Each structure stands twice: as structure tokens, then as C-alpha cells.
Amino acid sequence: MSGPRILVVGAGPAGMALALQAHCLGASVRVIERRPLAFRPSRAMMLHARSLEILRPLGVVQALLARADTAPRMRLHVRGRDLDVGLSSFDLTDTAYPHLSLIRQAEVESVLADALAERGVPIERGVELHSFSEQPDGSARVCLRGAGESAATVDYLAGCDGADSTVRSLAAIPASERRYRQEVVLADIEVEGLAPDAAHVSAGAGGLVFAFPHGDLATWRLLATQPAGRAPIGEPVPPAQLQRLLDRAPLPARVTRVAWSSVVPLRHQLAAHYRRRHVFLAGDAAHVHSPAGGQGMNTGLQDAVNLGWKLAFAGGSTDPEALLDSYESERRPVARTTMALTDIAFWGESGLDPLAMLLRSVLVPLGAPLLSTVLSWRRMLAVGFRTLAELRIGYPDSPLSVEDGARRPGPVMAGERLPDAPVTIATGPARLHELTARAGVHLLLDRDAPDLDCLPDRVHAHRLLDRPGRGLVAVRPDGYVGLRAADGAAPSVRRWLALAGVDGAAHG
Ligand SMILES: Cc1cc2nc3c(=O)[nH]c(=O)nc-3n(C[C@H](O)[C@H](O)[C@H](O)COP(=O)(O)OP(=O)(O)OC[C@H]3O[C@@H](n4cnc5c(N)ncnc54)[C@H](O)[C@@H]3O)c2cc1C
């Protein structure tokens with residue numbers, strides 16, 4: 001490989017997705033991971049539609065779906081009433097994945113690690129970043145510690161090393177930090193009394209209790225909130241305390257075996273910057289918030305594929321600084337919004353002030369049955385699903401989002417996610433997301449758009465026979481529209497490709 005040398009620190013979901021994408025696009029990638037063993041108990045359980053979309057070009061989605069529950073059901077226990085909610089088959093035609101996927105984080109990590117191994121990128125386990133220094137030529141000299149000490153020179157350092165990021169500290173990037181007043185109890189347990197055909201959830205005055213039939217080490221994964229400081233961090237939670245959490249919910253379940261348990265303190269943390277010269281932060285190293293809505297891992301995966309292609313292509317860009325800076329300017333605002341939304345949701349689910357407790361114990365139980373008769377649950381859920389699934393995210397203000405000319409109005413603008421849709425190509429009917437399910441930049445040419453010469457092999461052109469006109473849409477490797485041009489021969493096309501680092505005419 002002759003692409004840039006990238007050291008990814010941390011083999012969590014963000015680090016592995018970043019490594020996979022950058023490698024698929026020609027970078028030379030090393031991944032180091034402090035933990036000697038691959039397995040660790042899962043935290044995330046929910047994988048959202050947008051994550052599946054962005055991972056599709058990396059060839060891992062079939063393996064993820066094979067391990068996921070893609071038609072999950074949730075049973076809400078509300079004051080003696082049970083409401084059954086299906087979290088699949090939403091009426092959304094613009095995604096191939098109109099469902100929530102319940103999958104253990106350990107499975108996501110195993111699929112990503114397998115994909116890296118298949119491509120010849122091993123995860124170097126038991127190796128940690130110790131220090132780094134900047135070199136006069138813009139590279140970084142890193143010092144690694146594992147069985148022994150070693151050094152290497154890299155072009156980019158990607159800090160995907162979690163909430164207590166070493167990379168963030170070594171790069172002296174400050175982070176705002178606030179502890180939540182609640183903590184989470186996680187446990188893998190066997191119980192009597194719960195039907196395993198659904199996940200069960202109850203939010204009483206004391207907080208939220210989830211039971212997913214998807215434990216790592218037993219049938220059920222319990223996730224419950226409680227006031228912080230109730231149990232020592234890092235020590236198993238006594239079975240009687242787990243039973244009290246279920247009784248408090250109340251969920252009709254009796255704990256019969258505890259395979260594993262732990263208490264997780266929660267914090268709200270945002271790095272002041274996502275980039276310092278050749279150092280980048282992604283995933284929990286950049287942002288941490290409550291688990292409400294299952295956003296953390298999903299947001300980290302999106303950071304990863306936003307950054308991976310920029311690192312891989314920056315060397316070929318006419319303005320590498322603008323390309324690399326766009327990572328922070330696109331992704332940090334997303335984290336801020338996600339943190340605000342998850343904070344509100346977490347307050348409602350588990351807040352310890354009288355208003356939050358009243359909301360959960362009186363107002364929701366009274367209102368939910370009424371609401372469900374007046375409004376359709378499915379309609380309410382579909383609206384919430386789009387936001388939670390991160391399908392609404394876009395980068396319209398990014399310097400990489402360019403509108404050129406009065407192209408006929410379309411459903412999508414520069415900076416927006418390319419929605420899935422039926423199209424016609426030379427071989428017959430197809431779907432947009434099938435066409436773009438290959439790593440690289442995709443050019444969607446209108447029927448009469450001119451051909452482009454000298455496209456490098458990471459740019460794929462598709463002529464859409466049912467789209468009249470001479471224009472084109474350039475789709476970035478992370479599935480967002482970069483350029484809409486009314487004329488496929490306009491200078492803006494070559495300019496955009498050159499900025500993205502993939503103009504074969506300029507560099508080939
Ligand atoms: C209770 C709970 C439930 C959650 N549920 C969901 C959910 O349903 N959906 C969701 O999207 N998110 C969820 N999350 C959040 C999700 O678990 C995290 O956002 C996710 O793990 C972050 O992934 P990451 O790759 O950024 O970091 P991490 O998973 O923290 O991985 C970082 C890795 O870096 C390694 N490392 C650290 N320092 C070094 C070093 N110096 N050198 C080498 N390696 C190093 C660590 O060992 C670790 O393996 C939940 C979180 C909690 C606490």
C-alpha cells in the first residue's frame with residue numbers, strides 16, 4: 001500500500017470502522033489495542049439504520065444482520081398495563097433498513113475485527129500508545145508499549161481510545177466533563193417470569209429498567225439506572241440488588257442466576273477539538289453521553305467513516321487542510337445536538353428530580369394509553385425512529401457541500417444523506433444504495449451527462465437512465481451528497497473531485 005500511514009489507537013467500534021474504511025480506500029493502517037483479549041461485555045445493544053447504511057460499502061452488513069434481531073419487539077410495562085411495540089417494518093421507503101437492529105456490541109466488534117483480518121489488517125492486542133512527538137515534516141513519531149517498547153512514524157494518529165483517551169491527553173485537547181447523577185447497572189442474568197419474545201422496559205419513579213433477551217453470557221441483559229454511588233464501581237452487583245431493581249420497575253421476573261454484572265458511571269463529555277494537526281479524535285474519545293436512545297456507538301461509527309475517507313484521500317487533495325478540517329466542522333455539531341437530545345431523553349427516563357419522577361410515575365402512565373388510542377403508535381414511532389436512526393443528519397454548511405447551477409429540484413441537496421430510491425441503469429432497475437455499496441466516491445450521472453475521463457479506480461460512475469438532464473451528483477464515501485452540478489462538464493466537477501482528493505485527471 002502506498003497511501004498515508006495511519007495509526008488507529010483503540011479497537012472499539014469507532015477504531016475498527018475507521019481502519020476498515022481507510023484501508024478499503026488505500027491507506028496503510030495499523031490498529032493497536034490495549035486489551036489483550038477481544039471479548040469484553042457489551043454495552044451497546046442498538047444499531048441504527050444509518051450505521052448499517054454507512055457500513056454497507058465496507059462489506060460487513062450481511063454479517064451484522066445475520067447476528068442481529070432485525071424485527072425486535074418491545075413490551076412497555078406501564079402501571080399494570082402492557083403495551084407491545086414492534087420496532088421494524090416502519091413505512092420508510094428511502095432506506096434498506098427500516099428497522100431497529102438489536103445486536104450486542106461484542107458482535108459488532110467481532111464482525112469488524114473479522115473484516116479487518118480478512119483484509120490483512122490484524123489488531124495488535126496488548127499494545128498501547130505511550131507517547132508521540134511531532135516531526136518537522138508533519139508526521140508523528142509514536143512510542144508503543146506491549147511485550148516490549150517500539151517506535152514508528154505515521155502520517156496520522158486516530159484517537160479512538162474511548163472516554164479516557166490517551167491520545168486526547170497527549171495532544172492536550174481539553175474536554176468539558178460533567179458526571180450524571182445516575183449510574184447504570186448492567187447484568188447478564190437468567191430469570192423466571194419474562195417472556196423472551198420481546199425486550200421488556202419499565203420506567204418507574206426510581207428510574208428505567210430494560211431487560212433484553214440478548215445477554216452476552218446469559219439469556220437476559222439487564223440495564224437499569226439508579227442514583228450514582230449506590231454500588232462500588234468495577235465490582236459485581238449482589239443478586240439481591242438486581243432483584244430489587246426488577247421489583248422496583250416493576251417487572252414480573254425472578255433472578256435465578258447471575259453470570260456477570262457491573263456498575264457503569266456515566267458522564268457527559270465533549271472534546272474542545274476533534275483535530276490537532278495530524279491527530280484526530282473519534283467516537284467516545286471525542287464525545288460521551290448517556291446511553292438514552294442508543295446513540296454513542298452509532299455516532300462513533302459515523303465519525304469513523306466521515307474521517308476514514310478524508311485521511312485516506314487528503315494526500316491527493318488540492319486543499320488537504322480544508323478536507324481534514326471539515327471532519328471537526330461536520331461532526332462536532334452533530335455530537336452537540338446528540339448530547340442535548342440524549343440528555344433530555346435521559347432526564348425523562350431516569351431523572352431524580354420531582355418533575356422527572358412525576359412524569360414517569362404518573363403522567364406517562366396516564367397519558368400513554370390515551371395517546372395510543374388517539375394517535376397511531378406506529379406513526380409516532382416512525383417519526384422518532386428517523387431521528388434516533390440518525391437518518392436526518394446532514395452537512396449542508398460544509399465546504400465540501402457544493403451546489404452548482406440551477407439543477408432541477410430533487411429530493412436531496414448537497415450535504416444531505418443520499419436517500420435510497422429506485423433507479424434505472426443500463427442493466428435494468430436498481431436501487432441507489434446498491435449502486436453505492438462499494439467503497440469510494442460515486443458519480444450519479446444524469447441520462448445525457450458527458451462522460452468523465454481519467455477517473456481513478458476509487459471513483460465509480462453510474463448513468464441513471466430515468467434521470468433526464470446533463471448534470472451529476474457526486475456522493476462521498478460516507479454516503480452524503482458532496483456536489484450537485486447542473487452540467488456534468490462544469491469546472492465545479494473537477495474542482496470538487498480535486499478537493500476530495502480523487503481527481504484522476506489532476507493526479508493520475
Ligand atoms: C450502559 C451503556 C449502554 C450503551 N448502549 C448503547 C447503544 O445501545 N447504542 C449505542 O450506539 N451506544 C451505546 N452505548 C455507548 C457505546 O458503548 C460507546 O459509545 C462505544 O463503546 C464507543 O466506542 P469507541 O470505539 O469510541 O470506544 P470504546 O468502545 O471505549 O473503545 C476504545 C478502545 O480503546 C482502547 N484503548 C484505550 N486507551 C488505549 C491506548 N492508550 N492504547 C491502545 N488502546 C487503548 C480500549 O481498550 C478500548 O478497547 C452505551 C454505553 C453504555 C455505558
Side-chain angles (χ1 to χ4, degrees), residues 7-19 30-48 50-51 68 72 100-106 108-109 112-113 123-132 142-146 157-170 180 182-187 199 208 210 212 214 221-226 233 261-269 271 281-304 307 335 338-339 342 346 349-350 388-390:
L7 178 69
V8 176
V9 183
M16 287 193 281
L18 195 161
R30 267 184 87 176
V31 186
I32 59 165
E33 167 54 56
R34 170 187 281 162
R35 286 178 291 123
L37 297 178
F39 177 78
R40 57 177 173 169
S42 299
R43 290 189 170 187
M45 285 281 149
M46 299 181 206
L47 189 65
H48 290 301
R50 186 60 182 145
S51 298
L100 177 68
S101 299
L102 286 187
I103 177 171
R104 304 170 192 96
Q105 183 168 335
V108 175
E109 293 178 0
L112 291 170
I123 291 165
E124 299 173 44
R125 298 195 182 276
V127 179
E128 65 180 337
L129 176 75
H130 178 254
S131 60
F132 71 85
V142 295
C143 172
L144 309 179
R145 281 197 181 156
L157 188 57
C160 304
D161 49 349
D164 296 312
S165 169
T166 307
V167 175
R168 195 182 61 230
S169 313
L170 292 173
Y180 287 94
Q182 305 92 312
E183 62 194 11
V184 165
V185 173
L186 293 179
L208 181 78
F210 263 110
F212 296 99
H214 301 285
R221 161 56 60 92
L222 176 74
L223 184 162
T225 61
Q226 65 178 17
I233 305 297
S261 63
S262 184
V263 175
V264 184
L266 298 176
R267 70 177 100 158
H268 173 118
Q269 179 175 289
L281 301 177
D284 275 18
H287 47 75
V288 188
H289 44 78
S290 85
Q295 301 289 291
M297 175 180 74
N298 288 279
T299 306
L301 290 169
Q302 295 202 41
D303 292 343
L307 180 57
T338 305
M339 290 169 91
T342 55
F346 195 56
E349 287 172 358
S350 66
L388 279 185
E390 306 193 353

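Just so you know, ligand 1 is whichever comes first in the structure, and atom 1 is the first atom listed for that ligand. Every value quoted in this text rests on a predicted model; they were computed, and no experiment measured them.
The backbone N or O of Arg267 sits nowhere less than 3.5 Å from a side-chain atom of Gln269 that would complete a donor-acceptor pair. The closest donor-acceptor contact from the side chain of His289 to the backbone of Ala335 lies at 3.5 Å or more, if one exists at all. For the pair Asn298 (side chain) and Met46 (backbone), a donor-acceptor distance under 3.5 Å is present. Glu33 places a side-chain N or O within 3.5 Å of a backbone atom of Ala11 that can act as its donor or acceptor partner. Side chain of Glu128 to backbone of Arg34: no donor-acceptor contact under 3.5 angstrom is found. Side-chain atoms of Arg221 come within 3.5 Å of backbone N or O of Ser42 as a donor-acceptor pair. Looking only at distances, no side-chain donor or acceptor of His214 sits under 3.5 Å from a matching main-chain atom of Ala199. Of the possible donor and acceptor atoms, none in the side chain of Ser262 sits under 3.5 Å from a partner among the backbone N and O of Leu186. Using a distance-only test at 3.5 Å, with no hydrogens or angles considered, no donor-acceptor pair links the side chain of Asp161 to the main chain of Gly10.
Within the listing of ligand 1, atoms 33 (C), 34 (O), 35 (C), 44 (N) sit less than 4.0 angstrom from a heavy atom of Gly10. Of all atoms in ligand 1, listed by their number and element, those nearer than 4.0 Å to a heavy atom of Cys160 are 32 (C), 33 (C), 34 (O). Here is the list of ligand 1 atoms found below 4.0 Å of a heavy atom in Val9: 40 (C), 42 (N), 43 (C). Every atom of ligand 1 is numbered from 1 in the order shown, and the set under 4.0 Å from a heavy atom of Val184 is 1 (C). Residue-ligand proximity, Gly162 to ligand 1, at heavy-atom distances under 4.0 Å covers atoms 27 (O), 30 (O), 32 (C). In summary, the atoms of ligand 1 found under 4.0 Å from a heavy atom of Val264, numbered by their order in the structure, are 53 (C). In summary, the atoms of ligand 1 found under 4.0 Å from a heavy atom of Ala14, numbered by their order in the structure, are 25 (O), 26 (O). Which parts of ligand 1 touch Val127 is read off a 4.0 Å heavy-atom cut-off, strictly below it: atoms 43 (C).
Closest to atom 52 (C) of ligand 1 by heavy atom, among Arg34, Glu128, Arg43, Glu390, is Arg43. Remark: among candidates Arg125, Arg40, Gln105, the nearest residue to atom 17 (O) of ligand 1 is Gln105, based on non-hydrogen atoms. With distances taken over non-hydrogen atoms, the option nearest atom 23 (O) of ligand 1 out of Gly283, Pro13, Gly300 is Pro13.
Contacts between Thr166 and ligand 1 below 4.0 angstrom, taking non-hydrogen atoms only, involve the side chain exclusively. No part of Val288 comes within 4.0 Å of ligand 1, judged by heavy-atom distances. Both the backbone and the side chain of Asp161 come within 4.0 Å of ligand 1, judged by heavy-atom distances.
The 12-atom threshold is exceeded at CZ of Arg104, counting heavy atoms of other residues, nucleotides or ligands nearer than 6.0 Å.
Residue-to-ligand polar distances place Met45 within reach of ligand 1: an N/O pair is separated by less than 3.5 Å. Backbone and side-chain nitrogen or oxygen atoms of Leu186 are examined, and none is located within less than 3.5 angstrom of a nitrogen or oxygen of ligand 1. When only interatomic distances are considered, the shortest N/O to N/O separation between Met46 and ligand 1 falls below 3.5 Å. Checked by distance only, ligand 1 and Ala11 stay at 3.5 Å or farther apart across all their nitrogen or oxygen atoms.
When hydrogens are left out, the protein atom nearest atom 19 (O) of ligand 1 is Asp284 OD1, 2.7 Å; that is the closest non-hydrogen contact. Counting only heavy atoms of the protein, atom 42 (N) of ligand 1 lies nearest to Leu129 N, 3.1 Å. At the top of the distance list for atom 48 (C) of ligand 1, counting protein heavy atoms only, stands Glu33 OE1, 3.5 Å. With respect to atom 13 (C) of ligand 1, the closest heavy atom belonging to the protein is Ala44 CB, 3.4 Å. The protein atom (non-hydrogen) at minimum distance from atom 10 (C) of ligand 1 is Met297 N, 3.2 Å. At the shortest separation from atom 2 (C) of ligand 1 among protein heavy atoms lies Pro291 CB, 3.7 Å.
Among residue pairs with one or both ends in residues 286-302, none qualify as salt bridge (Lys or Arg N to Asp or Glu O under 4.0 Å); sequence neighbours excluded.
Residues passing the salt bridge (charged side-chain N to carboxylate O under 4.0 Å, His left out) test with Arg145, sequence neighbours excluded: Glu149.
Gln105 has its side chain within reach of Pro13: a pair of non-hydrogen atoms, C-beta onward, lies under 4.5 Å apart.
In this model, no donor atom of one side chain and acceptor atom of the other lie less than 3.5 Å apart for Ser51 and Glu390.
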